[in-house]
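Labels below follow one simple rule: chain letters A, B, ... track the order of the sequence lines, proteins then strands, and each chain is numbered from 1.
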2 protein chains.
Amino acid sequence: MSLAAAPLSLPARRGRPRKSAEERDESLRRAELVRAAARLFRAKGFDATSTRDIAGAAGMHSGSPFYYFDSKSALLYAVMCDGMAQAGRSQAQALRALGPRAGARARLGALIRHHFEVLLGPDSDFIPVMLYEWRSLTPAQREGIAAQKDAYEAAWMPALKALHRAGALRAQPAVARLFIFGALNWTAQWYSERGPLTLDDLARQALGLFTGEA
Amino acid sequence: MSLAAAPLSLPARRGRPRKSAEERDESLRRAELVRAAARLFRAKGFDATSTRDIAGAAGMHSGSPFYYFDSKSALLYAVMCDGMAQAGRSQAQALRALGPRAGARARLGALIRHHFEVLLGPDSDFIPVMLYEWRSLTPAQREGIAAQKDAYEAAWMPALKALHRAGALRAQPAVARLFIFGALNWTAQWYSERGPLTLDDLARQALGLFTGEA
DNA sequence: CCTACCGATCGGTAGG
DNA sequence: CCTACCGATCGGTAGG
């Protein structure tokens, strides 16, 4: 098969051409901006981070981020969207790895453990930014993120409802979900990996606290 | 007894003269500034609130807040200090009202209920500002607030330890405290008094979730 | 992507 | 407390 024939073997790619080297480069630079923004937004907050800070952290000059993003707020939205998309994928993966026969308590434990990874593990700036910089989004952006967040949290409800029915969760599942996410999300404020607790410890303690079974 | 004799009957007030009308006025205006700042800091965040906003909300012109406070950051510190001082007093009062014979579960319930009042009740802007604008303090200010916060949270430990010993709290008390404050503090993000839950409902659900006893 | 720039806003101050 | 102001910084843009 000659190289010249290759294009013909991909008839379905109309309107979505294979990325050229420049396009790949551009999307890489864009991703660098998003990662730098996530780190700075988490460390200093959205308002206290200037677009010049972000440009500098990505090795660019002050005006260049606006070649990739329309506004500072669009950058914030990209951080949150990328973060939620990745978190949703890895959460689904964690549930699949558990298998369909796992009990409700094991499922909740896996969801908690995975959530700590997303909040406190390596490359974990995206979701804390989403949690703590919500206010700086426009209403339209907020809707988009809320939909992704709702989907992420909805995956917890079957386990919570089952535990409630079994008497192991002693609060209304919908309220329990809000309290539990509060408890977990707050760890972003105090947890340090240089402290005595591993993420496994944290997950074990949390599961014990909420479900009252050792 | 003549009016002239009155000063002699108060020999202990050296260096702390009774407040004049102007001094009372000044301290009132100062308190108005702090309350306006608390409201705006909570609604828009510290960085997104200008000193002009605060001045306007207190009925002053742009430069006037700096007659009462050295800097914007000093205003933030005042919000947090006033809030913590008040919260500490009312928490101690809530515990006293409960009496010394109350069980650990009742004590935890009262602490939770009181904390919701502080977070979500009327005039409840001060503590949420402390929780969510921590980052904008100078390190020295942070130490001062941390001390007040530690004292407030330390009052929870006897109840948590007792419940842990009795088997009703299935996490290490120190870790449980962090998770519990996370769950409670997060309500500032989602609770609405126009929703179906009262603060009493909230406290009941939380106590059930953490201690696993109806 | 860089360079050079603009208009707006901000915290804070002097002088009364 | 007000008036009038300053220097600094910021998000964003034009033009290449």
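Figure legend. D/dA8 is base-paired to C/dT9; pairs are counted as Watson-Crick or G-U wobble with both atom distances under 3.5 Å. Remark: C/dC1 base-pairs with D/dG16. Criterion, Watson-Crick or G-U wobble with two distances under 3.5 Å.
Following rounding to the nearest Å, B/Asp47 (CG) and D/dA8 (P) show an atom-to-atom distance of 20 Å. For the pair B/Asp53 CG and C/dG12 P, the computed distance is 14 Å after rounding to whole Å. In this structure, B/Phe69 atom CZ and C/dG12 atom C1' are separated by 15 Å, rounded to whole Å. For A/Met60 and C/dA4, the CE to C1' distance is 19 Å, given to the nearest whole Å. Distance OH (A/Tyr68) to P (D/dT13): 17 Å, rounded to an integer number of Å. One atom, OH of B/Tyr77, and another, C1' of C/dG11, lie 21 Å apart when rounded to the nearest Å.
A donor and an acceptor atom, one from each side chain of A/Ser64 and A/Arg29, are nowhere located under 3.5 Å apart. For the residue pair A/Gln141 and A/Trp134, no side-chain donor N or O sits within less than 3.5 Å of a side-chain acceptor on the partner.
Judged purely by atom type and a 3.5 angstrom limit, A/Asn185 uses its side chain to pair as donor or acceptor with the backbone of A/Phe181.
Residue contacts shown for A/Ser73 are absent, as no nucleic acid heavy atom lies under 4.0 Å away.
Contact check, B/Tyr67 against D/dC2: no side-chain N or O comes under 4.0 Å of OP1 or OP2. For C/dC1, neither phosphate oxygen OP1 nor OP2 lies less than 4.0 angstrom from any side-chain nitrogen or oxygen of A/His61. Contact check, B/Ser50 against C/dT9: no side-chain N or O comes under 4.0 Å of OP1 or OP2.
Here the nucleotide nearest the side chain of A/Phe66, chosen from D/dG12, C/dG12, C/dC1, is D/dG12. Minimum atom distance to the side chain of A/Arg52 is reached by C/dC5, of the listed D/dC2, D/dA4, C/dC5. Nearest to the side-chain atoms of A/Lys72 among the listed nucleotides D/dC1, D/dG12, C/dC2 stands D/dG12.
Two rings, from A/Trp186 and B/Tyr132, have their centers less than 6.0 Å apart. If you look at A/Tyr67 and A/His61, their ring centroids are not closer than 6.0 Å.
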